[in-house]
Amino acid sequence: MTREVLIVGGGLGAQRAAETLRRRGHDGPIRMLCAEPVAPYDRPPLSKQVLREGGEHERVALRPAAWYAEHDVDLLLGLPAVGLDLGRRRVLTVGGDAPAADAVLIATGAQARRLPVLSPFANVHTLRSLADAQALRGAIAPGRRLAVVGAGFIGQEVAATARGLGAEVTLIEAMAQPLEHVVGARLGAWFARLHRAHGVEVLLGDAVASAHGNGSVQRLRLAGGREVDVDAVVVGVGVQPAAGWLRGTPLGDGPIAVDARGRTAVPGVFAAGDVAAAPGRDGRRERCEHWESAARGAVAAAHGILGLDPPPAAVPAFWSDLYDSRVQLVGRAADAEAVTVEGDQESPAFVASFTRSGRPVAALLVNRAAELPHRRRLLAGDSDPPSTEGGLAA
Amino acid sequence: MTIVARIDEHACSAHGDCADLAPDVFRVDEVAVVIGSAPPELLLEVAQGCPAVAISVVDDENGVVLYP
């Protein structure tokens, strides 16, 4: 019988897990061990509204401060987990052991990858936390030169927001097109054109070879020989699971494999969100960094903790806001063999359908948000029935 | 049996998927609001499709949570 639950992490997954436990009637203690000094908050606004308009924690908090007392959820703030003693099922923090628990949910998320060539410099930013966003906001102003390294969604959102604030933005991407590995070259080129149309310099198929400056970077030299003068740099080259604190345990240092109930290979230890690799609708296990996946994975793990059947796995989806465009991707475009654009790809709104063996596997929607639920329904109906188990041996 | 949908207004991000799938049941202003009823199957489908996991489906007579 699960009585005491310890949630390690303080993001969306941690929050949704706590909510689901309470909603499903769990009345034992719930403790949330948060590395950051603040209660769980929403990260998508960090690269958009918070960069644009600033914002204190209350503005992005997932729940009002009073929620935690009302729901008897004990927040342990500013305490990064540094180790896990599986024998005693104890999480170690810098301040000592966290309280013992019958179930431990690992929801520590991910951390931004860094580029060693840029690490020594003060004016190099990554964007993952509220503190990161507040620091980066101070570096963006009209006429200031900002280089964004990496044209993934975070890099593109930062480039778009900074450009909207009047910064001179250079976007540098190693692949031939932005997001080529996700949506293919043809649609990736649409993203490059979007940025160029807004006055961003987009440099493709190139990478930072060296950085020059005294304490702060002043100039980047790219592998192709090009030089870029900068006032600040943002690195958006992906994330890695925040599981270094688990090194040496049977869980490894991530991603942590879980089943459809969020169970890891260790009894009583669960994982969800960016740190975990969970089975999708077809049973294939993968780490998915989508906001929505963190929420759903946490709901599933809360069910697992309580011994309940989890909701069926969902078709993955995420969204991004770039300038005035809402971009949504539903399904797994990387599985596709063919892509068809419905409507005019040069128009402000279009849908691209990705297919494999004639069956739809994904859709990219640009300014066609109302179609998303229908596309999700189509994709759900066209794949195999969701498995509710997805055992770890699979 | 009275199965109803409820919106968690702090979790709702106003994506609008619910109103697109079931316009007679949901309307989205600042956040989604429930304006009607529908068969439990549709309520469950819409709730499971909510990207923010902001819709719960509840048996109003005994408070039993069906989703999430």
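Numbered from 1 within each chain, the chains take letters A, B, ... in sequence-line order. Here the structure is a predicted model, which means the values were calculated and not measured. No hydrogens, no waters, no symmetry mates; every other heavy atom, side chains included, goes into these values.
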Undergrad: Is it true that, when you exclude A:E342 itself, more than 12 heavy atoms of the residues, nucleotides or ligands shown sit nearer than 6.0 Å to its CD?
TA: yes
Undergrad: Ignoring hydrogens, what is the shortest heavy-atom contact between B:V53 and A:A295? Give both atom names and the distance.
TA: CG2-CB, 3.8 Å
Undergrad: Which one of A:W291, A:F318, A:W67 has the most heavy-atom pairs closer than 4.5 Å to chain B?
TA: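 Looking at each option in turn, the highest pair count goes to A:W291.
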Undergrad: Would you please test B:D8 and A:R63 for salt bridge (charged side-chain N to carboxylate O under 4.0 Å, His left out) and show each step?
TA: CA-CA 11 Å; B:D8 180 334; A:R63 294 281 168 179; 2.5 Å; yes
Undergrad: Of all heavy-atom pairs between B:P68 and A:T20, which one has the smallest distance, and what is that distance?
TA: O-CG2, 4.3 Å
Undergrad: In Å and rounded to the nearest 0.5 Å, what is the CZ to CZ distance from B:R6 to A:R23?
TA: 10.5 Å
Undergrad: Are there over 12 heavy-atom neighbours, none belonging to A:E53, within less than 6.0 Å of that residue's CD?
TA: yes
Undergrad: Checking heavy atoms, do the side chain of B:C50, its backbone, both or neither come under 4.5 Å from chain A?
TA: backbone
Undergrad: Roughly how far, to the nearest 0.5 Å, is the CD atom of B:E45 from the CZ atom of A:R376?
TA: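 Answer for the CZ-CD pair, A:R376 versus B:E45, is 10.5 Å.
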Undergrad: Can you tell me how far the CD atom of A:Q328 sits from the NE2 atom of B:H15, to the nearest 0.5 Å?
TA: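 Interatomic distance, A:Q328 CD to B:H15 NE2, rounded to 0.5 Å: 7.5 Å.
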Undergrad: Side chain, backbone, both or neither: which part of A:H303 has a non-hydrogen atom closer than 4.5 Å to chain B?
TA: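 Side chain only.
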Undergrad: Can you say whether B:A19 sits under 4.5 Å from chain A via the side chain, the backbone, both, or neither, judging by heavy atoms?
TA: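 No part of it gets close to chain A.
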Undergrad: Check whether A:R296 reaches the backbone of B:A52 with its side chain - one donor and one acceptor, N or O, closer than 3.5 Å.
TA: no
Undergrad: Look up atom CZ in A:R377 and atom CG in B:D20, then write down how far apart they are to the nearest 0.5 Å.
TA: 10.5 Å
Undergrad: State whether the side chain of A:R24 and the backbone N or O of B:V65 hold a donor-acceptor pair below 3.5 Å, judged by distance alone.
TA: yes
Undergrad: So for atom CD, which belongs to A:E70, do other residues, nucleotides or ligands contribute more than 12 heavy atoms lying within a distance under 6.0 Å?
TA: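 Yes, enclosed.
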